[in-house]
Protein chains: 2
Amino acid sequence: MNDPIENEVNYTANKYRTPDGAPADIVIFTITSTERNAAKKSLPHRELQVLLIQRKHWPYEGQWALPGGFSQESETIYESAKRELAEETGVANVHMEYFNVYSTPGRDPRGWMISHAFFALVNESLLLNRRAADDAADVRLFTVEEALKMDLAFDHELIVKDALHQIQQKMRTTTIAKEFLPSEFTISELYQVIQTVVLDFEESNFVRKITSTQSRKGIIEEVRDLHGNLKMSNRYSQRAAQLYRFNDYEPQLSIYS
Amino acid sequence: MNDPIENEVNYTANKYRTPDGAPADIVIFTITSTERNAAKKSLPHRELQVLLIQRKHWPYEGQWALPGGFSQESETIYESAKRELAEETGVANVHMEYFNVYSTPGRDPRGWMISHAFFALVNESLLLNRRAADDAADVRLFTVEEALKMDLAFDHELIVKDALHQIQQKMRTTTIAKEFLPSEFTISELYQVIQTVVLDFEESNFVRKITSTQSRKGIIEEVRDLHGNLKMSNRYSQRAAQLYRFNDYEPQLSIYS
DNA sequence: TAAATAGTGTCTCTGAGACACTATAAG
DNA sequence: CTTATAGTGTCTCAGAGACACTATTTA
């Protein structure tokens with residue numbers, strides 16, 4: 001190790017250039033659902049959205065950027081991201097994960113900034129109040145497609161792209177779909193949510209695989225009412241559909257089966 | 001975003017406390033093989049080892065720590081880790097991945113240090129010269145078990161643990177096993193390498209699954225000589241074993257099959 | 001009865017899992 | 001002939017994949 005300092009006594013004078021900041025940036029995803037057909041009951045149209053804020057100051061004044069902020073000495077980067085997330089969305093206890101660090105020289109004109117990127121998955125129900133309040137303000141949801149076409153501040157386009165790949169990967173291999181769903185949901189809702197994130201996701205016989213195959217039985221289970229009867233929902237359909245919930249079970253995948 | 005600076009003009013005086021350094025720490029793994037039975041040909045004993053260095057200066061003087069060093073403004077964290085890796089092991093072009101950031105306040109007595117942790121997988125053949133030279137020096141390989149029992153500097157025990165979980169996970173879900181193997185290897189070697197990292201790995205009919213099942217056919221393939229004959233090896237066995245190589249194919253896993 | 005979603009019946013063929021068995025070569 | 005590794009034969013049953021079909025409710 002190439003320590004800049006030899007011992008405790010002569011420590012205080014740091015001879016080396018040090019970073020000018022260690023920000024955390026958060027890619028906040030949500031899936032919005034909008035009615036497709038007011039006349040008949042039908043599945044909603046779902047879109048993957050990302051929350052952006054419009055910058056007020058130099059640099060990149062006026063441009064849209066990821067929410068984030070500088071971390072402080074008294075907190076971990078994770079805590080600082082949690083704090084930012086709460087400030088921007090007013091929600092806590094949501095799924096947030098660290099996924100990469102961005103340190104390309106010159107990525108921030110303010111100086112040597114090493115940015116730590118998180119993604120957060122927020123259920124649209126939690127953002128409802130927030131969205132109404134901020135509709136015309138400098139905080140807005142954009143579809144991922146829109147966001148990637150905009151000229152985002154810093155290297156935030158790259159960060160959004162990387163975050164998208166991350167959640168697409170996780171959507172296929174973990175149960176994070178639950179973050180976008182109510183606690184009780186139908187198979188169609190689950191399928192739709194997966195497809196909203198992983199655009200080319202297509203599984204024929206999805207219902208069967210997720211429900212009746214032994215190997216995956218642990219992932220979800222039917223919801224029953226107090227009398228032990230199966231609980232159904234007809235929110236999106238004429239014919240009532242079985243409700244399911246996620247179990248606390250993460251299947252272990254392996255390429256060597 | 002809570003920018004500390006309002007515009008370019010008054011930027012230079014940063015009013016905020018900034019980090020004292022952004023080090024990169026690298027958990028360098030290798031698998032060593034030692035003869036078990038000199039009399040008869042047999043599979044070697046394999047052990048997962050991690051490279052540590054003994055610190056010469058405050059803090060944690062004399063204790064063992066992960067190799068690493070401070071990153072500079074002119075390079076990405078990844079580049080700085082690559083540089084360190086080359087300095088410690090003399091190897092380049094090995095598999096190295098970033099996996100987490102460590103920023104708990106007080107983790108480094110020298111100040112506010114945000115550490116970026118990488119793991120590297122190095123084939124033992126590449127370390128051979130190095131190991132001979134440094135055998136009695138302050139750079140050594142320890143088995144992971146040993147390393148986790150030692151009193152490592154900083155939060156390096158946690159970092160090693162996390163790195164171990166990472167490579168165990170990746171060993172099951174990706175083809176990183178190839179980093180520990182020669183380009184041509186037998187099924188037993190592959191199986192042994194996986195077991196060395198993932199201690200409870202056990203697959204009956206492993207040979208069949210990895211070779212004759214259609215769904216996984218892309219991962220490895222038999223090696224043939226110039227005449228198209230199957231290439232065998234009797235390095236570890238009386239009866240010659242088929243040699244395989246990895247294809248450039250990463251299977252896509254999914255919990256929804 | 002048409003529309004929209006929910007769900008089943010049935011067939012085929014791959015492949016996981018178990019376990020006993022054979023194959024090869026060296027000491 | 002024993003030992004150590006390599007590899008096959010064979011059976012069973014789960015389950016992936018395809019696709020047509022039925023079920024339920026409401027405008």
Side-chain angles (χ1 to χ4, degrees), chain A residues 33 35-46 172 184-193 195 201-220 222-223 229-244 251-257, chain B residues 33 35-46 172 184-193 195 201-220 222-223 229-244 251-257:
Chain A
S33 27
E35 294 265 330
R36 263 195 313 130
N37 186 340
K40 257 199 174 346
K41 278 184 191 174
S42 62
L43 290 165
H45 177 66
R46 291 180 200 264
R172 275 189 268 102
E184 302 180 353
F185 54 88
T186 66
I187 297 291
S188 304
E189 282 184 280
L190 171 57
Y191 191 67
Q192 255 203 327
V193 161
Q195 280 197 321
F201 185 81
E202 196 186 319
E203 289 293 332
S204 63
N205 287 7
F206 180 73
V207 194
R208 290 192 139 112
K209 278 188 242 180
I210 196 74
T211 58
S212 42
T213 48
Q214 264 194 354
S215 56
R216 284 168 235 288
K217 245 181 189 135
I219 300 175
I220 59 169
E222 300 100 339
V223 181
N229 300 317
L230 293 169
K231 196 167 162 193
M232 317 290 277
S233 157
N234 66 342
R235 194 149 81 99
Y236 298 124
S237 58
Q238 288 34 268
R239 175 171 174 180
Q242 177 63 50
L243 285 170
Y244 290 86
Q252 298 300 309
L253 296 173
S254 166
I255 62 169
Y256 305 110
S257 191
Chain B
S33 27
E35 293 266 331
R36 261 195 314 129
N37 186 340
K40 257 201 183 325
K41 279 183 187 172
S42 62
L43 289 165
H45 177 66
R46 290 179 199 266
R172 274 189 268 102
E184 301 182 353
F185 54 87
T186 66
I187 298 291
S188 305
E189 283 184 280
L190 171 57
Y191 191 67
Q192 255 204 326
V193 162
Q195 280 197 321
F201 186 80
E202 197 188 317
E203 287 293 333
S204 63
N205 287 6
F206 180 72
V207 194
R208 290 195 139 109
K209 275 187 244 180
I210 196 72
T211 58
S212 42
T213 46
Q214 265 194 352
S215 56
R216 283 169 235 288
K217 244 181 193 136
I219 301 175
I220 60 171
E222 300 100 339
V223 181
N229 301 316
L230 293 168
K231 196 168 164 193
M232 317 289 277
S233 156
N234 64 343
R235 193 148 82 98
Y236 299 124
S237 58
Q238 289 37 268
R239 174 170 176 180
Q242 177 63 49
L243 285 171
Y244 291 86
Q252 298 299 310
L253 297 172
S254 167
I255 62 170
Y256 305 110
S257 191

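Chain identifiers are assigned alphabetically (A, B, ...) following the order of the sequence lines, protein sequences preceding nucleic acid strands; residue numbering begins at 1 within each chain.
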Under 4.0 angstrom between K41(B) side-chain N/O and dG27(C) OP1 or OP2: no

Find the distance L190(A):CG to dT5(C):P and express it as a whole number of Å. 16 Å

To the nearest 0.5 angstrom, please state how far the OH atom of Y256(B) sits from the CG atom of L190(A). 5.0 Å

Can a side chain N or O of R36(A) be found less than 4.0 Å away from OP1 or OP2 on dT5(C)? yes

How close do K41(B) and S237(B) get, heavy atom to heavy atom, and via which atoms? CD-O, 3.7 Å

So, for L253(B) and S254(A), which heavy atoms are closest and what is the spacing to 0.1 Å? CD2-O, 3.8 Å

Exercise: identify the closest heavy-atom pair between K231(B) and Q242(B): O-NE2, 3.2 Å

Rounded to the Å, how far apart are Y256(B) OH and dG15(D) C1'? 19 Å

Please state how far atom CD in E203(A) lies from atom P in dA16(D), giving the value in whole angstrom units. 9 Å

Within the 4.0 Å heavy-atom criterion, would you say L43(A) contacts the bases, only the backbone, or no part of the nucleic acid? sugar-phosphate

d(CZ, R208(A); P, dG17(D)) in whole Å: 13 Å

With DNA chain D as reference, determine whether N205(B) or S42(B) sits nearer its 5' end, using the nearest nucleotide of each. S42(B)

For DNA chain C, what residues of residues 230-242 of chain A have any heavy atom nearer than 4.0 Å? Y236(A), S237(A), Q238(A), R239(A), A240(A), A241(A), Q242(A)

Going by the angle between their ring planes, with limits at 30° and 60°, are F206(B) and Y191(B) parallel, tilted or perpendicular? tilted

Taking the side chain as C-beta and beyond, is there a heavy-atom pair between R46(A) and E189(A) under 4.5 Å? yes

Report the distance from atom CD1 of I210(A) to atom C1' of dA16(D), rounded to the nearest whole Å. 14 Å

Check R36(B) against S42(B) and note the closest heavy-atom contact, atom names and distance. NH2-CB, 3.9 Å

Examine dG17(C): is either OP1 or OP2 under 4.0 Å from a nitrogen or oxygen in the side chain of S204(B)? Give yes or no. no

Tell me: CD of E202(B) to C1' of dA18(C), nearest whole Å? 12 Å

